[in-house]
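Only a predicted model underlies this, so the values are computations on that prediction, with no experimental measurement involved. In what follows, chains carry the letters A, B, and so on, assigned in the order in which the sequence lines appear, proteins first and then strands, with residues in each chain numbered from 1.
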There are 2 protein chains.
Amino acid sequence: MRKTKPRQSEQCEQFEPHEEIIQTLVGKSLDEVTTQKMAEVFKVMGDPTRIAILHALKERELCVCDLSELLHMTPSAISHQLRILRHHDLVRYRKKGRSVFYHLADHHVITLFNQALDHIQEK
Amino acid sequence: MRKTKPRQSEQCEQFEPHEEIIQTLVGKSLDEVTTQKMAEVFKVMGDPTRIAILHALKERELCVCDLSELLHMTPSAISHQLRILRHHDLVRYRKKGRSVFYHLADHHVITLFNQALDHIQEK
DNA sequence: CCAAAATATGAATAATTATTCACATATTCA
DNA sequence: TGAATATGTGAATAATTATTCATATTTTGG
């Protein structure tokens, strides 16, 4: 979030049906915490590198250096992005020797991914 | 996107199974354009204001000033965000008199929205 | 046509963030 | 143990972006 939201009221002159509509919707609004969390999930998936990581992990679990080679990026860059995915519980990991293998956390991630793919391909 | 991706190769010493895995995955990778478009859809939904707008529009079509009142934000701020949603075809509009009424573009938006809601509520 | 209302937009600013670089930590194996 | 490998992380930087402010555009009613 950027700044605190400013107040403002009675934008429309034509208040006849509007005020009633607003009142009905206010009751159905998402609370701020939920809104924030929703935005965060999407924000996390809103980066090409993380999309590429998730797409690769849909196939199989991979270690940092696999991803690093596959995406032609430094292990450091990959690790930073994996941390973000980890912290939002989109991926989980398993340690094996010196390597750390990452995999998708749950089916929601895949469903979200595929829905977005449908959306952009439907044109 | 931020910068051009740097090259780097042979991250892992243990190249035995890795190289084979990488080659298999390279063939299944998303092309750059698709990856970018995917990320953009999510990025667009990755903002609390836009999430709140989309959630309101799930209920019914609304004009800029309705949204402005409902979300306690200036018409200008709302209009800027609606433009982004418009340009990515997440919302469409219909003009009526001085007002412009916005509505969700298609069912994918709702599905994406609800999937994300499921994800965050499942803990 | 004119004034007012509703929406749109460009520039500016403050905040966020993806990557790099340097370095730290952890793990294996000789 | 110590060197090497794999990964993690903090700070810095460049790029992106949400909101504000001022102003433009569009539409209606008189």
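With sequence neighbours excluded, the residues that form a salt bridge (charged side-chain N to carboxylate O under 4.0 Å, His left out) with R92(A) are D89(A).
The CG-P distance, from L85(A) to dT9(D), rounds to 14 Å in whole Å. In this structure, the CE atom of M73(A) is 8 Å from the C1' atom of dA18(C), given to the nearest Å. We find that CG of D47(B) is positioned 6 Å from P of dT19(D), with the value rounded to whole Å. What separates NE2 of H80(B) from P of dT16(D) is a distance of 18 Å, to the nearest Å. To the nearest angstrom, P of dA18(C) lies 15 Å from CZ of F42(B). Rounded to whole Å, the distance from NE2 on H72(B) to P on dT20(D) is 14 Å.
Checking the phosphate oxygens (OP1, OP2) of dA18(C), a side-chain nitrogen or oxygen of R50(A) falls inside 4.0 Å. Between R98(A) and dG8(D) there is no side-chain N or O to OP1 or OP2 distance below 4.0 Å. Between T74(A) and dT20(C) there is a side-chain N or O to OP1 or OP2 distance below 4.0 Å. Note on R83(B): a side-chain N or O is less than 4.0 Å away from OP1 or OP2 of dG10(C). An OP1 or OP2 oxygen of dT19(D) is reached within less than 4.0 angstrom by a side-chain nitrogen or oxygen of T49(B). Between K43(B) and dT16(D) there is no side-chain polar atom (N or O) within less than 4.0 angstrom of OP1 or OP2.
The closest donor-acceptor contact from the side chain of H88(A) to the backbone of I84(A) lies under 3.5 Å. A donor-acceptor contact shorter than 3.5 Å is absent between the side chain of S99(B) and the backbone of K95(B). Counting only distance, with no hydrogens or angles, the side chain of T35(B) and the backbone of A52(A) share no donor-acceptor pair below 3.5 Å.
At the heavy-atom level, L67(B) lies nowhere under 4.0 Å from the strands shown. Among the atoms of the strands shown, only primed sugar atoms or phosphate atoms (P, OP1, OP2) are found under 4.0 Å from some heavy atom of Y102(A).
Judged by distance alone, the side chains of D31(B) and T34(B) do bring a donor and an acceptor atom under 3.5 Å apart.
When each of dT19(C), dG8(D), dA8(C) is scored by its nearest atom to the side-chain atoms of V100(A), the top-ranked nucleotide is dG8(D). Closest approach to the S76(B) side chain among dA18(C), dG10(C), dT9(D) is made by dG10(C) (side chain taken as heavy atoms from C-beta onward).
Comparing S79(B) and K95(A) by the nucleotide of DNA chain C whose heavy atom lies nearest to each, the residue mapping closer to the 5' end is S79(B).
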